[in-house]
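Worksheet for the structure shown next.
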Number of protein chains: 2
Amino acid sequence: MEPLMIVHGGAWAIPGELTERSLNGVRRAALEGHRVLRSGGSAVDAVVAAVTVLEDDTAFDAGHGAVLNLKGEVELDAIVIDGRDLSSGAVCAVQDIANPVQLARLVMDKTDHCLLGGVGANDFAKEQGFERLPPTELVTPEARAEWEKYIKFTTAVGALFSARDGDPKLTGCDTVGAVAMDTSGNLASATSTGGITAKKPGRVGDTPVIGAGAFADNDVGAVSSTGHGESIMKVCLTRRIAELMERGLSANEAAKTALEFMSTRVGGAGGVIVISKKGEVCHSFTTSRMAWASVTQGTLKSGIDPGQEFTENLKN
Amino acid sequence: MEPLMIVHGGAWAIPGELTERSLNGVRRAALEGHRVLRSGGSAVDAVVAAVTVLEDDTAFDAGHGAVLNLKGEVELDAIVIDGRDLSSGAVCAVQDIANPVQLARLVMDKTDHCLLGGVGANDFAKEQGFERLPPTELVTPEARAEWEKYIKFTTAVGALFSARDGDPKLTGCDTVGAVAMDTSGNLASATSTGGITAKKPGRVGDTPVIGAGAFADNDVGAVSSTGHGESIMKVCLTRRIAELMERGLSANEAAKTALEFMSTRVGGAGGVIVISKKGEVCHSFTTSRMAWASVTQGTLKSGIDPGQEFTENLKN
């Protein structure tokens, strides 16, 4: 079966100076995930590999480059879901590790739990041999500057997730994610984030929550989301997209319908990437921009503005 | 409009010696919630009041009487959801406070977030004037004894959440919850737990997760769940029940269908209480027992074994 790969680098008002870095980052991640799939890796292997690339890229709010909470510290959330049996692992408010998505995978593979948080998650990281980085290691000058500017959280939320008429110069909250179908037809999804600038310490957003930040079920489809976390949680955005696909909507119709519901019911904006069990691959967003890239049938596609689609044929 | 109230005290193999205490506890909580509704309180007021009664009752695994994690410490999760606008507040892995559901309500009312965890949640509790109890204050001799017995978590999960042929002598994991419809027809749900004995420190279960431990939407219905947390999270149990009601199933059919799906897809057992927007009130469980009580049309109903229903007419 032809492997399918799609990634996102966050749905928000991505400023012009980040356009090229964001596009390059999502393209590299999609290619890496697809490389894993082509070499026989599982869908889970692929989404973890793709999200690792995005976590290591300081253009995105995950791993290196994550935003700072109210106290000026980095707290990271991540999740991975295996569509075969709905297995899932996630971490929340974990600190000073480079690749939370890899820790999330170990929660799935090595524990009886789905979600570990805070000090407990860091203790588990230590048990599993993860290096604990110095507290400033993940912090970029841009994240520090943004924190100083948006220290009042209510301002940040309003500014970052307002609709397409919002101020596009603001810097932001580029949660990352990946969805894959492997050569056996298995689905998986993964999402990782530093959350939202000036969040309260201990704030957990949608990312590590099954049915909010991610969902995957071989019998339906797989989804990863980004945007205003509290809104995504309230409407169970990714589970809602899965249920709409179960009711017979296409991946694209399901994504648009659920995002529209989120906008009208709770006033939140965001974006998603989806692969249905039938192999439909799509993205959709209600923020002003979302960086995304996919690899399907030997073609790398990508974009950042509404309706935009760059296409590149990949020589094998 | 006639107010409706239903509560649960956990779905598991409740041992015989806890039968009367469990039944009395859920009856007191349902009556207290109903009293709040009759005096004009909102659905949110009622579920918080009912869950507070259950947290204060050491027969249940929430607040006083909560189980201990692997380190022998209490870590509490709780959530409340307002069906009017899907507002929600929750806490996870919070320590040494008597009523986490009241803290969850303040997360909803006083912050821009839905979920605060660990040290951040305790810092918020302090900000809000919650008393920090001594670390042993919430621990009952029974919880301590159970922890000593089930220090190996894999044993505990297998024993506590096995199907109805499981060993009924085991002590357990009685997460509590409440669902209400107030005289204006508004719905709310709340759930609170100490989690599962010998859980890893920092483990977050289904309880504080929207769509897992609880869901509420005036346009559909409200649900609170209990049982094997990881299974409930994987299938988004309470959101799944809501979506089945949206598709036209009765509250009872939706609850049974979703619990059956959880059993067949991920092998998990649990229980739920539901009030639909039409005013259907029901409970359902796939564990050997679940303590529940409801007040509807001047009648207090309650039960703990499958098919059991005690009825008492309330004189006003």
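Order of the sequence lines fixes the chain letters, A, B, ..., with proteins taken first and strands second; residue numbering starts at 1 for each chain.
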Choice from Gly118(B), Ala121(B), Gly202(B), Ser88(B) maximising heavy atom contacts with chain A below 4.5 Å: Gly202(B)
Which portion of Glu127(A) sits near chain B, non-hydrogen atoms under 4.5 angstrom: side chain
Under 4.5 Å from a heavy atom of chain A, the part of Val266(B) involved: side chain
For chain A, the option from Asp217(B), Asp85(B), Asn69(B), Asn122(B) that forms the most heavy-atom pairs under 4.5 Å: Asp217(B)
For chain A, the option from Asp219(B), Val91(B), Ile81(B), Val235(B) that forms the most heavy-atom pairs under 4.5 Å: Asp219(B)
Heavy-atom closest pair, residues Lys234(A) and Phe215(B): O-CE1, 4.0 Å
Part of Val209(A) lying under 4.5 Å from any heavy atom of chain B: side chain
pair Glu243(A)-Arg240(B): side-chain heavy atoms closer than 4.5 Å: no
Max heavy-atom pair count under 4.5 Å with chain B, selected residue of Ala212(A), Pro201(A), Cys114(A): Cys114(A)
Atom group of Thr111(A) that falls short of 4.5 Å from chain B, counting heavy atoms: side chain
Partner of Leu115(B) under side chain to side chain contact (heavy atoms under 4.5 Å, CB included), chosen from Glu230(A), Arg203(A), Met233(A): Met233(A)
Side chain to side chain contact (heavy atoms under 4.5 Å, CB included) partner of Cys236(A), chosen from Leu86(B), Ile210(B), Thr238(B): Ile210(B)
From Lys199(A) atom NZ to His113(B) atom NE2, the distance as rounded to the nearest 0.5 Å: 8.5 Å
